[in-house]
Structures are given as structure tokens and as C-alpha cells.
Amino acid sequence: MDERYDPAAVERAAQTFWNEQRVFEAVEAPAGAAASDKFYCLSMFPYPSGRLHMGHVRNYTIGDVLTRFEKMRGRNVLQPMGWDAFGLPAENAAIKNGVPPAKWTYDNIAYMKRQLQALGFAFDWRREIATCDPAYYRWNQWLFLRMLEQGIAYRKTGVVNWDPVDQTVLANEQVIDGRGWRTGALVEKREIPMYYLRITAYADELLADLQQLSDWPERVKTMQANWIGKSEGCEIAFPYAPATRDLMGADGVLKVFTTRADTLFGATFMAVAAEHPLALAAAARNPQLQAFVDECRRGSTMEADVATQEKRGMPIGFAVLHPFTGKPVPVWVANYVLMTYGEGAVMGVPAHDARDFEFALGNDLPIVTVVRSKTGAYETVRAPWIDAYTEPGIAVDSGEFSGLEFEAAVDAIAVALEQRGLGRKRTQFRLRDWGISRQRYWGCPIPIVHCEACGEVPVPDTDLPVRLPEDLVPDGSGNPLNKTPSFVQCACPTCGKPARRETDTMDTFVDSSWYFLRFACADNSQAMVDQRVDYWLPVDQYIGGIEHAILHLLYSRFWTKVMRDRGLIAIDEPFANLLTQGMVLHHIYYREQAPGRREYFNPADVEVVLGPDNERTGAILVTDDLPVEWDGLGTMSKSKNNGVDPQVLVEKLGADTVRLFMMFTAPPEQTLEWSEEGVQGAYRFIRRLWKAVYDHIQAGVAPALEPAALDAAQKELRRLAHQTLAKVTDDIGRRRTFNTAVAAVMELLNAVGRLETASAQARAVVQEALEIAVMCLSPMIPHVTHVLWRELGGRDDLARTRWRTADPRALLQDTIEVVVQVNGKLRARISIAADADEAAARAAALADANVQKFVAGKAVRKFVYIAGRLINVVV
RNA sequence: GCCCCGGUGGCGGAAUCGGUAGACGCAACGGACUUAAAAUCCGUUGUCCGAAAGGGCGUGCCGGUUCGAGUCCGGCCCGGGGCACCA
């Protein structure tokens, strides 16, 4: 064994061994094997952006630790990897460099695959998939056509951002302050036909089944539930005043949805969205209103923008009638009403809704209180109007409904409305159908042909896949597919006449909504899925960023249920257990080069200046010794120049060091702050581990351990070793707190270093402790432990060695330390027999001199004894 | 705006079911080794009083429950994330 730890040599040796021995190739268990014996561990697959970033490394290290751990615990493990390969960045790169997105993407995949392999992740690479591969996306198309047949997929118009200069549709991210990112032109809204998936048909089940997901983080389930946004409420119809009958739609009413029907008598205005048919009809007769409506429609449709902008509106010039009082209620167009929720119209009850309140104040609309709190504060909402009273309470000034409490009031009003044919109870979801059409080139083609005679015609299954040409180079103006006759021109599958192929592609969320199924059967060219999916699914552990907590996970759950309902798969939910890992942050440093123009410096080139109390007081750039500004911590990004390249670190210090740092520095769900010193610390620890094993084996083979022959110190180390094994097993297997697992092994190694090793039995205890330390660390730092295990005399390779369990006899203690409090304050630590009863513990506690100091002369009022831990004497 | 999460030494974090606050690591300081530096090893390190023994204070702020609160409850303050065409 070499005295020096050489990460490059160690990692080469370990990786070569795993590859040659095909250690991590997953094979379905023979029929009859217990389903619980399989462990499908999946990390969210990366977008092939060019190079791995630290967020990837963290994600895949977590998955790898669990994969290796569960394999050692005897489970049949599958950990696959693939590429979420369609998307906008490839088109942006093409615009910039003139390289076809396909070439850029495949080059990136090749490079990033080498990076993943250098990190030693236990992937079964035979199952690798890329979503831009026709062998993959043909099944997107195939299932889309099935959904179309079933009515789950349908076509309707939707609103997109339109750049009038580039004549192209923009993603939200390409719209900066209302202008196109490349042209700077004011972005317009356009309505175009698009395909939607009816996820709302599954809203109830998607909500209800969250309860099945007992191993998902509560906050993710809460976010999903809020996203689905089930509201029990009422639909209320306000009839038009007779004079305005010609303006409105056929049903002669303005419909709203509200969860607060009990406040109906407080409605002092109606507010409709700018896109509402009524607004459009009124605007057509009123140029001023038209201007306002146009302005609203130009604005952002992002909910965050709508909700924070100043609430503005304009009366459309007429009123509707209150369903009970018959009084006219003026109708306004308001910029805070979303056309995409409910009816696109609300009744404005300023006294009891915060948004309506703000709007009424700004537009001098009356405020009428119709709910008082149960505790009687009727004055809560009275001039001079401080705030809306939005809590449920008791109805007042509400005609026959006065005096009813919230629920009773809503029920009674709903009944009365229904009798008049002006409303009913209804459930409303916030969830909207999923628009999947993208006016982009680098995505999965939507398999539709447009024929002048036959209309929209699905591409027959026998013509799938509709292949995306891979040699086009987008130039930023429009979708290049539109300019590619060989793609667009085709024959109508129904009548055979010349027709036009659909050039929209699918949202990349479609690609990622079922890839986890395909890993089970990636080689099947005949079907989307097969029976191997039934063996491996559901995913036992899914790991990914919290940023996917809503959309990706919800779409995947929806897609799974659609496939289940077609009988393609048997599961209800795709991911049994979910771990959402935190982001990787690093310091941001900059200098203001000109007003508003910052130059960012990489933290590697910055030195922190410390004050007298070791606190940071500033930072200087090492190249010129001049100060730079600190802008806090942020996610690693090119724009802030605060990234750390995993590749450079792996080459310098090895994959194990990077992995260990990530696992040790923070628990997986929290954000992780990058620290160069922390990385050095991880490297130092691995070297200490190496040295400890080296020193131990230099002294020759240790004799067999004889537990009965150990002295107190040896017994104590042995106890610590087994306690550490138990803790690490629990920390990785149940708690997923890898940081505390590593800390425990560090403590064990510190204790090994302190043991006097002259005697044979001491060496036997150290041998066992080192074996346990190496085993416990192996999921985190698999390369160096692979080599050290061999050096310690391990016969099998460590990755396929069975995880040990702690010996209960080694954990036994003769005496234990108990802390003694007096009135809740710590006063002493006493050592008592492990099996001492309360009387003995009490006697020992009161005998302590320091305890006596605080107890003497006072009566003991209460004596609390928590066996084995703590005594509290209350005087 | 709405929803979600977080706040503990100089720093990252630990304290798992209400029971020893600060494990482990980093940084800093002192020492050993060295011609020197690096590396390594040993020691100190929440804060205040004290020579020490020991004691006071201390987990964002205010209040509550409890023998006992970082942990539970109520009310605030501050920071971060998501909000439907980035993935």
C-alpha cells in the first residue's frame, strides 16, 4: 500500500473495476422475488447544457449514496441516467454560434457523460436515453394521438408572446420588461391555436392521491394542493339591465365565481378581465375603453405581475342587476382580474376582499359592510376605511340572510339563487389545462397534418415517428421548420391531397413526464412500455430540485394516471418517495464599473478580509489587491461569475473529495454554501483516513477480536464503532442526513487515533473500527473506500459486500452519565450504574456536592427522572 | 400580491419524540516539527465575571404553555424560493 493518497490512481482503479465487473448493471429479479427487494433510485435527468454544474453533482451524489447503500443492504438496485435533451438553450446556442441544436446537444451529452463517469456514479448506462432521440419521442407522439382520440388532448386558442420584429413567439423568459430579448421590440399578445391536455379532468384525483404520498415532503404536497387550488364556492349570475340586452351573450347574465357568496349584499361593483367578451364588446363602441383594454392585454399575464401591479380599471358604461335586490351594479374592466380563473369576472366586495378594497379606494367606489366578526367588532370595516375584513363572520344588512354565520349564509344564498335560476354551488379549480404547443424548432413534433379538405388530421401510427430534421439552424426569427418545405409539405393521410404538417413542437415537460418509465424498457422498439415497467415502478426514491416541486411532478403524476387508465401501466403514482435537494450557492463579488454596470469576479480570485473577531469585513481581488463589493450568496451562474467547475476539482482533488464535501456540508434538503476551505477539509479528512489505514496495516495483520479480553478503553472504542455503524445506517437509510453520518465517522476516526495500540487486542479493535469506518463512508466516497477495503483484507469488493449491523452486545455499557438539573438548570453530571432505579439515581444526584449547594435547606417539590438521561430536582 | 421554506458561535452546521445548546468541520489563535515555508501533529476557541472551582447570560423579536422550550402555541421582524412558454 502506498503511503500517499493519490486520488487519480485510486479512482481509475475503482471505476475500471466496476465497469469490468458490470457491478451496477440492473437485471429484473426472477419471477416470485419480493417486490420490496427492488430499489429504483432516480435523480432528475439533466438538461445537456454543456458542462455539469454543482447542482447536478449534488443531485447525483445523493442518488448515488442511496443506490450504493441500498445495494449493500441487499436490494436489487436500478439507477439509470438520461438526457432531457430538447429545449430552448440549444436554439439560443444555435443563434449565437450557427451550430445546429442537434449537434450542440449531442456534443454536450458526450462531454457531460464523461463528467458523470469521472464522478463514479453507479449508473446502469445500458439504459441511457435522450429525449431528442426519435426512438424515444415517437412514444410522446403515439400517446398524444391516443389522448387526442380520447378527448384528453384537444385544440383551442391560447395567448402567446409575439415579437413583431423577429416575427416569432417568445418564451416568458425571453420577455424582458415587456420587450423582446433580442430585438427590444414591445411584445404583443397573440391568440393562436394550440394543443392542450385535459389535466383538469384529473384534478380531483391528483389532489386526493397526494394523501397516498406519505414519503413526500409536506411542503411539496402543500404546493401541489395549492396549485390544483380546489375551491368550494358559488357561481352567481347577475342579469343584465334591460337596456343593455344587445351587448351581452346569449344567456343574458354576467357570471362570476366566488367563495364568499355570503358577501353578495356587499357587492358594489363588478370587475371583468380585459379579455372578457363583455369588455371586448363594450370596447368596440368606446375608443377610450378600447385603449385601456388594449393596454391591459399588452401587459404581462404572469400571475406575479398581475398581482403586484397597481390596481386600475375603467367603467364599461353600464350595469348589471343584483340577483336579490335588483339594484344596478356598475361593471368595470379591471387589470387584476384573471381571464384564466373562474369566469374571468368577479363581484367586487370591497369591505371583505383585500383586492376589491384597494380597487374601490382607488376608484371612489362605495364600501358596504355586510359581515361582522363573531366577537362583535362590527366596526372593523367602517369609514375612514383602514382595511378589508376578510375573515368569515356573521352576515349583516343582507336581507333575509342577516344573522346567518358564514356556512349557513352561503348555503341559504346558494339555495335562493338556484330557485331563481341565477346560481348554484360549484367547485372551481385553479389548475388549468396544460398547453403543450410550442412554436419552437428543437422539440418533439406534434404529429398532426393540416389539410384544407379534411382539417386537422392525426398522423397514422404507421408513419410514426414524425422525425424532426436535425440539420436546421434557427436564426431567431420564427421557427425554422416553417421554412423547411421538406418537413412542412406532405400528403394528407386521409385524402392524399397536398397538406401542411404541423410545425409546433411539444413542451419539453412532455418529454420528462414519462422518462422514468422508459428506463425500465429503453431497448423496446415495439412498444412504449412493457412488463419490466411493472417490476421496477414506482420509483422508490426520486431526487431533484425543489424548483420542480409543482410542474414537472404534477405533469408526471397526470401522465402516469392517463397511461394507467389506458391499461399501459399498473401504478397510480410514479414516485413513492421524494427528496428535494437544496440549491448550491456561492459568494457573489463585483465592482461597479459604471453606473448600473457591474463586473463580477469569481470567488476563486477573491480573498476575504477578516476583522479582529474573525468576522468578514471586506474582500479584495487577489490580482490587484483592491477591494471588491460583496453581493451575498446566490446560485452559481455564468452571469454572476460565481460558478465552480466540478471538472477542475475532480481533476485536482478527486471525485471523492467533491462528493464528501457536498454530503458533509449541509443536509440534502437545505441550500449548500460552497466553500473552498470546506473542500480542502474534505480532502484532508480522506487523507487522514488513508493514513490511519496505512499506519494500521503497516504493523501487520491484526489478531482475531476477543470481546471478553478487552480493557475499558478498547471496549469503549468498540462500543463507539458499533454505535457509529448503527447511527450511519439510520442516518442514510431513514433520515437521509448524510452530513451527520459523515460527522459520526469523523468522531470514530478521531477516537481510533486516540487509542493506545501497543497490545494485540487493541489492534484487533482498531481493525474492526476501521472496517466499519470504511464501510460507512463507502456510499459517499466509493473509490477510496474500495481500495482501503482491499487493503484491510476485505475479500469481496466493497460495493457488493453486505452492509453490517451493529452488535448489540458491543453497545452495552456498565455505567452511564446522567445530567442533574436543579430547577431546570444544569448543576452536575453523575455516573451511575446503567440499570440504576429511580431511588438509586435520586440518592446519587442528591449526594453530589454542587447539587447540594442549590438544594440544601430547601424542600424538594418534585423529582423528574428520565431514565438514562436526565434528572431534574425541583425545589 | 398569493403560496411555500428558513433564521442557532467569526462561518457551514449538530441537538432524531419537549430533556446536557453549539457534535463534526471550516476559519482564527497558541505550540511542536522545519534553516524557512508548505504539509502534518497537539492545544484553545459562544459571551461576560472569576486565578480556579464555579456562576450569570445566550438559539431573529415580544408574549404564553411546561419541572424543563432551539424544539410546542399566539403575535411580529428579516431572508430565500415558486407563481403555468427556463428546465
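What you see is a predicted model; the values in this text were computed from it and never measured. Every heavy atom of this structure was used, including side-chain atoms; hydrogens, water molecules and symmetry mates were not. Proteins get letters first, then strands, A, B, ... in listed order; numbering begins at 1 in each.
Checking the phosphate oxygens (OP1, OP2) of B/rC57, a side-chain nitrogen or oxygen of A/Lys825 falls inside 4.0 Å. Distances shown here put a side-chain N or O of A/Thr508 below 4.0 Å from the OP1 or OP2 atom of B/rA87. Of the side-chain N and O atoms in A/Arg684, one or more sit less than 4.0 angstrom from OP1 or OP2 of B/rA27. Between A/Arg869 and the phosphate of B/rA15, there is no side-chain N or O to OP1/OP2 separation shorter than 4.0 Å. For the OP1/OP2 pair of B/rC85 and a distance below 4.0 Å, the side-chain nitrogens and oxygens of A/Arg438 include at least one atom meeting the criterion. Residue A/Asn614 places none of its side-chain N or O atoms closer than 4.0 Å to OP1 or OP2 of B/rG9. Contact annotation: A/Arg827 side-chain N/O to B/rG55 OP1/OP2 distance is under 4.0 Å. Distances shorter than 4.0 Å separate some side-chain N or O of A/Gln670 from OP1 or OP2 on B/rG13. Applying the 4.0 Å criterion to OP1 and OP2 of B/rU40, one finds that A/Arg687 has a side-chain N or O inside that range.
Rounded to whole Å, the distance from CD on A/Gln309 to C1' on B/rC83 is 14 Å. In this structure, A/Leu720 places its CG atom 11 Å from P of B/rC24, rounding to the nearest Å. Between A/Arg355 atom CZ and B/rC3 atom P the separation is 10 Å, expressed in whole Å.
For A/Phe86 and A/Tyr137, the ring centers are positioned less than 6.0 Å apart.
Screening A/Tyr555, A/Trp434, A/Tyr195 against A/Asp507 for a side-chain hydrogen bond (donor to acceptor under 3.5 Å, both in side chains) leaves a single residue, A/Trp434.
To the nearest whole angstrom, the two C1' atoms, one in B/rA36 and one in B/rG9, are 35 Å apart. Distance check on atom P: B/rG13 versus B/rU8 gives 9 Å, rounded to whole Å.
Using a 4.0 Å heavy-atom distance criterion, A/Val160 is classed as a base contact.
For RNA chain B, runs of at least 3 consecutive pairs of the Watson-Crick or G-U wobble type, with both hydrogen-bonding distances under 3.5 angstrom, map to B:1-7 with B:77-83, B:10-12 with B:24-26, B:28-32 with B:40-44, B:46-49 with B:54-57, B:60-64 with B:72-76.
Set against B/rA84, B/rC4, B/rG56, the side chain of A/Asn226 has B/rC4 as its closest nucleotide.
Checking A/Thr665 against A/Leu88, the closest nucleotide of RNA chain B that is more toward the 5' end is the one next to A/Thr665.
Although no hydrogens or angles enter the test, the distance criterion places no donor-acceptor pair under 3.5 Å between the side chain of A/Thr724 and the main chain of A/Leu748.
Inspection of the A/Thr340 and A/Arg432 side chains reveals an N or O donor paired with an N or O acceptor under 3.5 Å.
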